[in-house]
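Proteins get letters first, then strands, A, B, ... in listed order; numbering begins at 1 in each.
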Amino acid sequence: MYLRAQLAESGDDVMDLSTLNAGQREAVCHTEGPLLILAGAGSGKTRALTHRIAYLVAEKNVNPWNILAITFTNKAAGEMRERVDQLVGFGAGGIWVSTFHAMCVRILRRHGQLLGFEGAFSIYDTADQRQAMKQTLRALDIDSQRLKERQVLAAISSAKDELVGPEQMARQAADYYGGHVAQIYGEYQRFLKRNNAMDFDDLIFQTVRLFSKNPEVLGEYQERFRYILVDEYQDTNTAQFELVRMLADKHKNICVVGDDDQSIYKFRGANIRNILSFEDTYPGAKVIKLEQNYRSTGSILDVANAVIAHNRSRKCKTLWTDHAAGAPVRYREFPQSFDEAEFVIRDIAGGTRPYKDVAVLYRTNAQSRLFEEKCVAYSVPYRLVGGVNFYQRKEIKDILSYLKVIANGADDLAVERIVNVPRRGIGAATLSKVRVFSTANGYSLYEGFRHSANIPGIGRAAARTEAFASQMEAFRAGMAGSGFTIKGLIEEILDKTGYREELEEEGDIEYAARLENIEELVNKAVSFEEGGGKGDLEGFLEEVALVADVDRMDDTQDQVTLMTLHGAKGLEFPQVYLSGMEEGLFPSSQSISSGDASDVEEERRLCYVGITRAMEDLTLTGARKRLVNGELRYSMPSRFIGEIPGELLEATNGGYHMESNNKGRMGDAPRTETNKPVSGESRPSFGRLSRVDESSSKLPFGKSFQIVKESNLDYKEGDRVSHQRFGDGTVTEIKDGPKDYEVTVNFDTHGVKKMLASFAKLKRA
DNA sequence: AGAACGTTCATTTTT
DNA sequence: TGAACGTTCT
């Protein structure tokens with residue numbers, strides 16, 4: 001086979017495995033039958049996985065077409081794809097490297113009609129789900145309280161994760177409430193079906209249903225996927241577990257990689273038992289442990305091992321390294337969260353590392369604020385990961401709704417969203433008439449609009465509803481017929497509907513930002529089409545629906561990374577600050593009071609994940625007081641601190657001292673120079689305050705946008721600045737707005753203007 | 001239709 | 001504390 005020949009050229013006839021350690025090599029060569037690779041943090045599992053794939057192709061003559069590799073994130077899939085391509089060379093394209101969800105969509109697009117879905121079904125995100133639920137509750141005449149809506153959706157989501165359908169839920173319902181939820185669940189599913197839509201959980205659930213009901217379809221995929229690899233197996237939920245089991249049932253060449261100690265998504269339905277009982281599910285399974293860590297120093301690993309050792313339910317595993325001990329792990333306590341942030345950011349600012357080598361991790365997003373403020377105060381550039389998804393922005397959802405309507409006319413939610421955006425004089429009254437008419441005739445809303453001339457009492461609004469329908473028809477025709485590109489289609493929508501015009505007229509402060517976001521969407525479409533998906537609207541929508549926002553980090557800029565512990569999984573940084581080490585925050589009070597010891601264990605795993613992100617320097621910090629939900633909360637140091645033997649921590653004095661084994665009693669020791677608050681006037685002036693949603697055209701196709709804020713301008717309030725259109729002026733205010741920093745400038749010739757820092761492009765005059 | 005006010009509610013969130 | 005939503009008022 002040519003692949004083999006190609007590899008052979010690089011040396012002898014046997015693939016070079018000398019760069020692997022014994023465990024990795026074993027994992028690569030044990031190709032037949034079930035295999036569990038327990039891969040500790042930083043133990044080179046991706047290396048093992050990619051080499052295994054290459055080995056299958058090059059040494060075992062396995063057709064790439066017969067290999068399936070499943071990951072959870074696009075980022076992981078992308079990395080694996082890249083490395084496999086490098087190792088395997090030509091032919092690697094035949095290997096399916098995909099996320100669970102993307103794989104399921106691909107299967108469902110082909111066979112969805114067996115379940116009563118059309119190929120172009122819409123994929124509903126959380127916001128869409130809420131809308132759908134709202135309407136479902138309304139239809140059932142249940143008054144929808146926000147809480148209830150979310151609760152019901154959560155119940156449905158876990159049911160789907162557990163492969164429980166509405167009927168089964170009804171059967172199992174223990175009480176009136178449960179039966180009620182089951183009823184709503186059924187109605188919600190009918191709503192989705194009518195809209196030819198699936199939510200995220202459905203993608204997996206429906207694929208399993210498809211396979212159960214159609215053994216011949218399953219058989220086709222079983223035959224094809226002779227070798228299956230699953231990454232992050234500890235994070236699989238029941239539905240994913242079952243899906244994998246089905247696919248692997250014939251050949252049983254199933255290799256899963258995971259680390260039970262890094263299972264941190266139980267709240268999303270992940271079932272740690274899937275990995276713990278792998279050997280029961282697959283009798284005769286081979287188990288390989290990868291325990292050598294290549295990432296961290298000895299000190300950091302000691303701390304990680306000490307903490308995780310306190311968990312009861314785990315596969316015994318101890319990471320080791322031949323790296324030197326390195327710098328001791330530091331622990332610092334502060335009187336207030338304010339001081340903690342101050343210390344961390346000053347420590348970073350005064351350090352010698354490039355900012356991009358540093359990460360500040362925290363348990364909850366709310367904690368990010370203080371760090372942001374301090375970054376601004378000390379002019380430390382930072383990137384905040386998390387927050388609002390690019391695709392949830394109003395203007396993006398609007399445009400995508402147009403595309404959805406064009407691709408899938410049954411999607412009533414999308415129609416409702418755009419029918420009067422921009423304003424077409426189709427208000428609530430008209431819409432409701434069309435809705436009643438559509439329901440009565442078994443039409444989708446969109447079809448209702450197309451026949452709206454027949455609606456009694458619609459009066460003069462008919463002209464508008466018909467105009468809307470024919471405009472949509474025109475878009476469709478353009479798309480179906482003469483090969484509009486997606487970019488062309490979006491431009492067409494912006495122009496012909498007057499969307500762009502309305503944006504311009506509103507002239508609001510966010511106008512430029514919105515337009516810029518739409519630009520990004522267009523860029524996204526262009527790169528999608530360059531990737532070969534020309535005019536494939538469904539493909540594009542799918543791409544967009546399945547992308548999360550923490551997918552890819554732009555690490556080209558020199559910025560400190562701020563993110564949650566969850567967000568940090570799978571990443572590594574030379575220097576890490578693990579903040580908020582306080583009882584009640586981390587571990588969270590919910591996990592402590594739930595009465596389920598496994599909840600605290602999950603928090604402990606999260607702590608372990610955080611610690612093992614660090615390569616060289618690790619600092620743990622905590623505060624005695626902090627503002628939580630508007631009230632001041634006092635807390636003890638996290639029990640995780642107490643679980644680290646005192647001699648492993650360098651706790652000299654960030655104001656307190658640690659008494660070993662005394663859960664770090666907080667004393668009133670004097671504060672040292674390093675965490676002394678800076679007085680008002682010595683505080684550096686606001687540096688540049690731009691908060692940019694960085695994203696980008698530069699990112700490879702399939703990668704997502706990322707929420708980023710930056711800070712490195714050079715003007716502050718009172719400064720003279722110049723704008724390329726408005727000329728010179730004086731900055732009167734700099735305010736932290738919802739999207740970006742808002743700068744108010746009093747221009748000499750153009751009066752007072754409020755503008756977004758990132759788009760104003762102001763220069764110091 | 002949109003501003004202005006009031007109410008409620010708060011972990012984590014790979015898709 | 002503050003955001004995100006719903007309601008009411010203009």
Problem - B:dT12 pyrimidine/purine six-ring stacking with A:Y265, under 5.5 Å and 30° - result: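 A:Y265 ring does not meet the centre or angle cut-off for B:dT12; no stack.
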Practice task
Using the ring of A:F334 (Phe, Tyr or Trp, six-membered ring only), decide whether A:K625 places NZ or CZ under 6.0 Å from its centre and within 45 degrees of its axis.
Solution key: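 Negative - A:K625 is either too far from the ring of A:F334 or too far off its axis.
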Practice task
Mind running salt bridge (charged side-chain N to carboxylate O under 4.0 Å, His left out) on A:D259 and A:K569 for me, showing each step along the way?
Solution key: CA-CA 12 Å; A:D259 180 359; A:K569 196 173 114 188; over 6 Å; no
If I take atom [atom1] in residue [X] and atom [atom2] in nucleotide [N], what distance separates them, rounded to the nearest angstrom?
X: A:R138; N: C:dG6; atom1: CZ; atom2: P; result: 10 Å
X: A:I204; N: B:dT14; atom1: CD1; atom2: P; result: 15 Å
X: A:E372; N: C:dG2; atom1: CD; atom2: P; result: 13 Å
X: A:F241; N: B:dT14; atom1: CZ; atom2: C1'; result: 20 Å
X: A:D596; N: B:dT11; atom1: CG; atom2: C1'; result: 16 Å

Let's see if you can work this out: which of [options] has an atom nearest to the side-chain heavy atoms of [X]?
X: A:K569; options: B:dT12, B:dT14, C:dA3; answer: B:dT14
X: A:R150; options: B:dT11, B:dA10, C:dA3; answer: B:dA10
X: A:R363; options: C:dG6, B:dT14, B:dT11; answer: B:dT11

Looking at every strand, decide which applies to [X] at a 4.0 Å heavy-atom threshold: base, sugar-phosphate, or nothing.
X: A:T564; value: sugar-phosphate
X: A:R605; value: nothing
X: A:E631; value: nothing
X: A:N420; value: sugar-phosphate

Handout entry: Contacts of A:S589 that satisfy side chain to side chain donor-acceptor pair (under 3.5 Å) - sequence neighbours left out
Key = none
Practice task
Could you tell me which residues satisfy side chain to side chain donor-acceptor pair (under 3.5 Å) with A:D260, sequence neighbours excluded, listed by chain and number?
Solution key: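 None.
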N or O in side chain of [X] less than 4.0 angstrom from [N] OP1/OP2:
X: A:N629; N: C:dG2; result: no
X: A:K134; N: C:dG6; result: yes
X: A:N237; N: B:dT14; result: no

Practice task
Flag the pair A:H310 / A:Y608 as yes when their ring centroid distance falls below 6.0 Å, and as no otherwise.
Solution key: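 Not under 6.0 Å, so no.
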Completion exercise
Sorted by position of nearest nucleotide on DNA chain B, 5' first, the leading residue of A:I426 and A:L606 is A:I426
Practice task
Please state the P separation for the pair C:dA4 and B:dT13 - nearest whole angstrom.
Solution key: 15 Å
Handout entry: C:dC5 to B:dT12 separation - P atoms, rounded to the nearest Å
Key =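 Straight-line distance between the two P atoms is 15 Å.
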